[in-house]
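Structure, as C-alpha cells:
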Number of protein chains: 2
Amino acid sequence: MRLTRAGEYAVRCVLYLSAKGKGTLIGRKEIAEHCDIPDKFLAKIAQQLARVKLIEISQGARGGYVLKREPRDISLLEVVEAIIGEIALNDCVTSSAVCRASGNCAVNRVWIKVRNQLRDTLAGVSFAELLTEDSCFLAPVSVPLDFRGKPKR
Amino acid sequence: MRLTRAGEYAVRCVLYLSAKGKGTLIGRKEIAEHCDIPDKFLAKIAQQLARVKLIEISQGARGGYVLKREPRDISLLEVVEAIIGEIALNDCVTSSAVCRASGNCAVNRVWIKVRNQLRDTLAGVSFAELLTEDSCFLAPVSVPLDFRGKPKR
DNA sequence: TTTATATAAGACCAATAAGGTCTCATTTGT
DNA sequence: ACAAATGAGACCTTATTGGTCTTATATAAA
Ligand code: FES
Ligand code: FES
C-alpha cells in the first residue's frame with residue numbers, strides 16, 4: 001500500500017521542472033542528477049509524463065524535457081496517476097469480479113470513500129504550492145502571488 | 001497502491017466472526033468456505049490476527065477461531081494494519097533514508113496528511129457498523145442499538 | 001554532410017513482494 | 001490411543017517493481 005518508486009521519481013522530476021518554470025528546456029541528465037533518479041529509468045518515466053502532455057520531449061543534441069503547463073495548474077494527483085494509473089486502494093473498487101456482492105457492500109463503500117478522500121487531497125495540492133516550501137532536492141522558490149494557490153483542474 | 005489480498009481476507013474473516021458474535025467458536029473451514037478464502041492461507045492470516053489479540057485460536061479436534069472483542073470496538077484500520085503493518089503510502093514517511101531532506105519536505109508533508117486522513121477514516125468504521133449493512137458473503141444483521149456506532153479504541 | 005550528442009521505444013533482466021501450499025509437530029475431544 | 005483440528009515455518013509460484021540494454025531516430029554543431 002505505497003506509492004511506487006516511479007511515482008516518487010515523477011513527482012521529483014515535475015517539481016524540478018516547475019522550479020525552472022514552464023517552457024524551460026532541461027536536459028535529462030541534469031534532472032536525473034539533481035533529483036537522484038537513475039538516468040535511464042527517468043527516460044521511461046518521462047515518456048509517460050509526455051503521453052499525458054505534462055511535459056514535452058525534444059530529441060537530438062541539446063534535447064531534454066520541457067514543462068508544458070503552469071505549476072499552479074498541475075496537481076500532485078495528476079502526476080502520480082500519470083505513472084501508476086488511477087488510484088484504487090482495493091480491488092473491489094475497480095474489478096467487480098473479485099467479491100460476490102460488489103456494488104452493494106458496506107466494506108466496499110468505505111474503501112470508495114477513503115479513496116475519494118485521498119484523491120481529493122492530492123488533487124488539491126499544486127506544484128506551485130509545493131515550490132513555496134522547502135523540499136528534498138530543492139530550495140524553496142519565491143513564486144509570484146498570482147501563481148500560488150490551488151490547482152484549477 | 002492497493003490493499004493486499006491477505007488484508008481483504010482478514011476483513012472478511014473478522015466480519016464473519018463479528019456476525020456470529022464475540023466469543024463464538026467457528027471452525028476454520030467454515031470461515032474459509034463462506035468467505036471464499038483459501039483454507040491454508042486463512043490459517044496464516046488468522047495467526048496474525050491472534051497475535052494482536054483480535055481472535056483466539058483453539059487447537060485440537062473441534063478447534064477454530066473465536067472473536068475476542070466486541071465488533072463495535074474493532075475498527076477496519078486495526079484489522080487491516082494487523083495484516084499489512086502500519087499504513088504509510090510512501091517510503092519517505094517511514095524511512096528517512098530515502099530522500100535527502102526528509103523531515104522538512106513539502107511533498108512529504110502532503111503524504112503524511114493524506115496518510116493520516118486515510119487512517120482516521122478507517123479507524124472510524126467499526127465492524128458493528130459494517131454488519132448493519134449488506135456486505136459480500138454476509139446478509140445484514142440486526143445489531144442491538146447499544147452496539148452500533150463508532151469504535152472506542 | 002558528417003559526426004557527436006541526445007532521446008525513443010520497447011525488449012529484456014534482476015530483485016522483491018504477494019499469494020499460496022506443504023510438511024511436520026502439537027493440541028484436544030472422544 | 002486415535003482422529004480431527006490448528007501451529008509454525010519452510011517452500012514454491014507468480015506478479016510487480018525497478019531498472020538496464022539495444023537499436024533507431026532526431027538535431028545541433030563542426
Ligand atoms: S465488494 Fe469487495 S469486500 Fe465487498
Ligand atoms: S522526503 Fe521524500 S519526497 Fe521529500
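First the proteins, then the strands, lettered A, B, ... as listed; each starts at 1.
The outermost nucleotides of DNA chain C lying under 4.0 Å from heavy atoms of chain A, listed 5' to 3', are C:dT5 to C:dA9.
Among residues at least two apart or in separate chains, side chain to side chain donor-acceptor pair (under 3.5 Å) pairs with a member in residues 38-48 of chain A are A:Arg28-A:Asp39. Residue pairs meeting the ring-ring contact (aromatic ring centres under 6.0 Å, His included) criterion with at least one partner in residues 55-92 of chain B, sequence neighbours excluded, do not occur; the list is empty.
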message: Can you build the contact string for nucleotides 6-19 of chain D? Use B for base contact, S for sugar-phosphate-only contact, and - for no protein heavy atom under 4.0 Å.
response: BSB---------SB
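Under the side chain to side chain donor-acceptor pair (under 3.5 Å) criterion, B:Gln59 pairs with no residue at all, not counting sequence neighbours. Applying the salt bridge (charged side-chain N to carboxylate O under 4.0 Å, His left out) criterion to A:Lys68, with sequence neighbours excluded, gives A:Glu56. Shown here are the side chain to side chain donor-acceptor pair (under 3.5 Å) partners of A:Glu30, two or more places apart in sequence or in another chain: A:Tyr16. With sequence neighbours excluded, the residues satisfying side chain to side chain donor-acceptor pair (under 3.5 Å) with A:Thr121 are B:Gln117.
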Pairs under 3.5 angstrom only: tabulate donor-acceptor contacts from the side chains of residues 19-26 of chain B to other protein residues two or more places apart or in another chain.
from	atom 1	to	atom 2	distance (Å)
B:Thr24	OG1	B:Lys20	O	2.9
B:Thr24	OG1	B:Gly21	O	3.0

